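Everything on this sheet refers to the single structure shown next.
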Amino acid sequence: MNDAQPKRAVVIGGGLAGITAALELADAGLAVTLVEGRPRLGGLAFSFRRGELTVDNGQHVYLRCCTAYRWFLDRVGGAELAPVQAKLDVPVLDVAHPRGPRLGRLRRDALPVPLHLARSLATYPHLSLAERALVGRAALALKKLDPADPALDGVDFATWLSRYGQSGRTIEALWDLVGVATLNATAPHASLGLAAMVFKTGLLSEPGAADIGWARVPLGELHDTLARKALDAAGVRTETRTKAEAISRTASGSWQVEVAGETLDAEVVVLAVPQKETHDLLPDGALEEPGRLLGIGTAPILNVHVVYDRKVLRQPFFAALGSPVQWVFDRTDSSGLKGQGQYLAISQSAAQDEIELPVAELRARYLPELEKLLPAARGAEILDFFVTRERTATFAPTPGVGRLRPSARTRADGLYLAGAWTATGWPATMEGAVRSGFSAAGAALSTLGRPHVHPLQEAA
Ligand SMILES: Cc1cc2nc3c(=O)[nH]c(=O)nc-3n(C[C@H](O)[C@H](O)[C@H](O)COP(=O)(O)OP(=O)(O)OC[C@H]3O[C@@H](n4cnc5c(N)ncnc54)[C@H](O)[C@@H]3O)c2cc1C
């Protein structure tokens, strides 16, 4: 190819990481082909039809501090469809209290950090006075930690919390309440580095950092329909149902990606697929120790979906204590459910013990629990009950995982890695996925000698 022709890039994997990398490379003038094995874009954050419902494979939320994912929403024209709440407000309902169910709220004030949470913590009914005082002490210590310090990666979060006097109850009612949902692991199984990242960024960076955002439309509308439109407009050739089967180097130093019936030639390849698939596709010598990728474990998330014949919940979502139920979201409007009924999704992270349970067993477990949490559910008719199981929802954020996560650059010129599981510093999130896409595209463009302004720097 001559120098006047644009450089060619192939992005493998149409999750948030791959879509981001493809948009960034196309915006910089490369001729980009994106290949995705499945019939749709969006990877682990997608929707499907079930009768009249459009169902998300699992409830997804993000925080105001997720600047990269918010860039993504803007870039695909979906920001208004997934707004952030005006101010952090999480109802937390404890149904195991000896004097009956108790509702508390995690909220913020308009005060500077960390006072923005002080009033909420001072009145949080699920902890004793002494426990609340000790939370303040731990929060101040957490603020001083550097999440990127490799020494933190090898320590588990529970050990650190107990060093700061956090009781089992405090861990359940506060640290794990947030940590399990964001890290997909309980404190003993979470790296202190990743936990510090989540709590520092979300709760201790800016007053509004932890305000919660979520899609008011099916995820597929954002991550598939709108993303596809943005890719088309950017000039990306997007091929779904197209699995990359092999990557090889040509004699001239460029790359060839084999897909069914075609060989794609490129100067740049971004591999934006999960760690196991990356391991299987990586050309020899691309990483010093490719076997390390297989050391990055995975963790499941289970969603239990219930459609009632009437409204049983008046909040958009809440978290539960004293119950196997973790978080409950009202999915009625976003799913397109018509009539008087209400559709709730229970989101169960770190679901290792439940992910394989039969539907009947999950039904027998969760319907009575919902009745305990929501009195209006007693006597309501169940119009539909089903579950979605994501066995490899996230990488497992276990202590020590940080040293296994590779950066975007490989040892092979022109070949880059992306995915929420790569070295983003974040746990497996939509934010991490988009950040990894930026990193891969940024590394590719700087190697090509293209000036590249990181979109987050541009926005700042
Ligand atoms: C149930 C559930 C709930 C979650 N909740 C949240 C949440 O609340 N907040 C949050 O921020 N994150 C959440 N996450 C995590 C978030 O969805 C992921 O971290 C993120 O979507 C990962 O994006 P990715 O692009 O890195 O990877 P993936 O989404 O895994 O994308 C990789 C893509 O590569 C494709 N692929 C694989 N092999 C090939 C091949 N050979 N050729 C072509 N294509 C290939 C796959 O089909 C896939 O589409 C949740 C995940 C799940 C499953």
Side-chain angles (χ1 to χ4, degrees), residues 61-67 84-85 87-92 94 104-212 319 321 397-402 424-427 429 431-432:
V61 305
Y62 69 98
L63 305 181
R64 196 186 290 282
C65 61
C66 293
T67 47
V84 179
Q85 59 184 185
K87 258 190 194 177
L88 174 72
D89 185 4
V90 179
V92 183
D94 181 5
R105 296 191 101 93
L106 290 170
R107 285 199 251 224
R108 73 167 170 98
D109 289 323
L111 294 169
V113 174
L115 298 175
H116 67 310
L117 295 173
R119 191 163 60 155
S120 177
L121 187 61
T123 56
Y124 192 55
H126 305 311
L127 298 179
S128 70
L129 204 61
E131 284 167 336
R132 284 179 244 157
L134 284 170
V135 168
R137 197 180 141 224
L140 290 177
L142 197 72
K143 201 160 186 256
K144 293 193 193 127
L145 295 180
D146 172 9
D149 177 352
L152 268 52
D153 179 46
V155 179
D156 74 87
F157 190 34
T159 298
W160 186 88
L161 288 171
S162 66
R163 207 178 293 155
Y164 284 88
Q166 306 300 291
S167 66
R169 173 63 179 174
T170 310
I171 294 178
E172 181 206 355
L174 194 72
W175 299 108
D176 267 358
L177 187 88
V178 178
V180 169
T182 46
L183 296 160
N184 202 16
T186 52
H189 304 287
S191 135
L192 173 58
L194 286 169
M197 170 73 198
V198 164
F199 284 99
K200 262 191 95 165
T201 314
L203 297 179
L204 301 169
S205 61
E206 283 175 33
D211 301 343
I212 297 177
L321 292 176
T398 35
V401 73
T424 66
W426 284 71
T429 49
E431 174 71 9

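Given the structure is predicted, the values throughout are model-derived calculations rather than measurements. Along the sequence shown, residues are numbered consecutively beginning with 1.
Aromatic ring pairs are classed by plane angle as parallel below 30°, tilted from 30° to 60° and perpendicular above 60°; the pair Phe157 and Trp160 is parallel.
Other residues, nucleotides and ligands contribute over 12 non-hydrogen atoms within 6.0 Å of the CD atom of Glu172. Atom CZ of Arg169 has more than 12 neighbouring heavy atoms from other residues, nucleotides or ligands inside a 6.0 Å radius.
Of all non-hydrogen atoms in Ala187 and Leu161, the two that sit nearest each other are CB-CD1, 4.1 Å. Looking at every heavy atom in both residues, Ile212 comes nearest to Val90 through CD1-CG2, 3.7 Å. The minimum heavy-atom distance between Arg105 and Tyr124, with the atom names listed, is O-CD1, 4.0 Å. Nearest heavy-atom pair across Thr182 and Val178 is OG1-O, 2.8 Å. Pairing each heavy atom of Gly208 with each of Arg64, the nearest pair is O-CB, 3.2 Å. Of all heavy-atom pairs spanning Leu152 and Ala196, the tightest one is CD2-CB, 4.5 Å.
Contact of the Lys200 side chain with the Ser205 side chain is not registered, since no non-hydrogen atoms from C-beta on lie closer than 4.5 Å. When side chains are defined from C-beta on, Asp153 does not count as touching Pro150, because their heavy atoms never get closer than 4.5 Å. Side-chain contact between Glu431 and Leu63 is absent, with no heavy atoms from C-beta onward closer than 4.5 Å. Under the 4.5 Å side-chain criterion, counting only non-hydrogen atoms from C-beta, Leu111 is not in contact with Arg119.
We find the CG-CZ distance between Leu117 and Arg107 to be 12.5 Å, quoted to the nearest 0.5 Å. The distance from atom CD of Gln166 to atom CG of Leu134, rounded to the nearest 0.5 Å, is 6.0 Å. Taking CG of Leu88 as the start and NE2 of His116 as the end, the distance is 8.0 Å to the nearest 0.5 Å. Taken from CG in Leu183 to OG1 in Thr398, the straight-line distance is 11.0 Å, to the nearest 0.5 Å. The distance from atom OG of Ser167 to atom CH2 of Trp175, rounded to the nearest 0.5 Å, is 11.5 Å. For the atom pair Asp156 CG and Ser191 OG, the distance stands at 9.5 Å (nearest 0.5 Å).
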Point to revise | Leu106 vs Leu121, side-chain contact (heavy atoms from CB on, under 4.5 Å): CA-CA, chis, key distance, verdict | key: CA-CA 7 Å; Leu106 290 170; Leu121 187 61; 5.8 Å; no

Point to revise | Asp211 and Arg108: CA distance, side-chain angles, deciding distance, salt bridge (Lys or Arg N to Asp or Glu O under 4.0 Å) verdict | key: CA-CA 9 Å; Asp211 301 343; Arg108 73 167 170 98; 2.8 Å; yes

Distance-only donor-acceptor hits, side chain of residues 136-146, under 3.5 Å, sequence neighbours excluded:
{"unit_1": "Asp146", "atom_1": "OD1", "unit_2": "Ala148", "atom_2": "N", "d": "2.9"}

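Under a 3.5 Å cut-off, the side chain of His126 and the backbone N or O of Val92 do form a donor-acceptor pair. Of the possible donor and acceptor atoms, none in the side chain of Thr201 sits under 3.5 Å from a partner among the backbone N and O of Val198.
By the 4.0 Å N-to-carboxylate-O rule, Asp109 lies too far from Lys87 to be salt-bridged with it.
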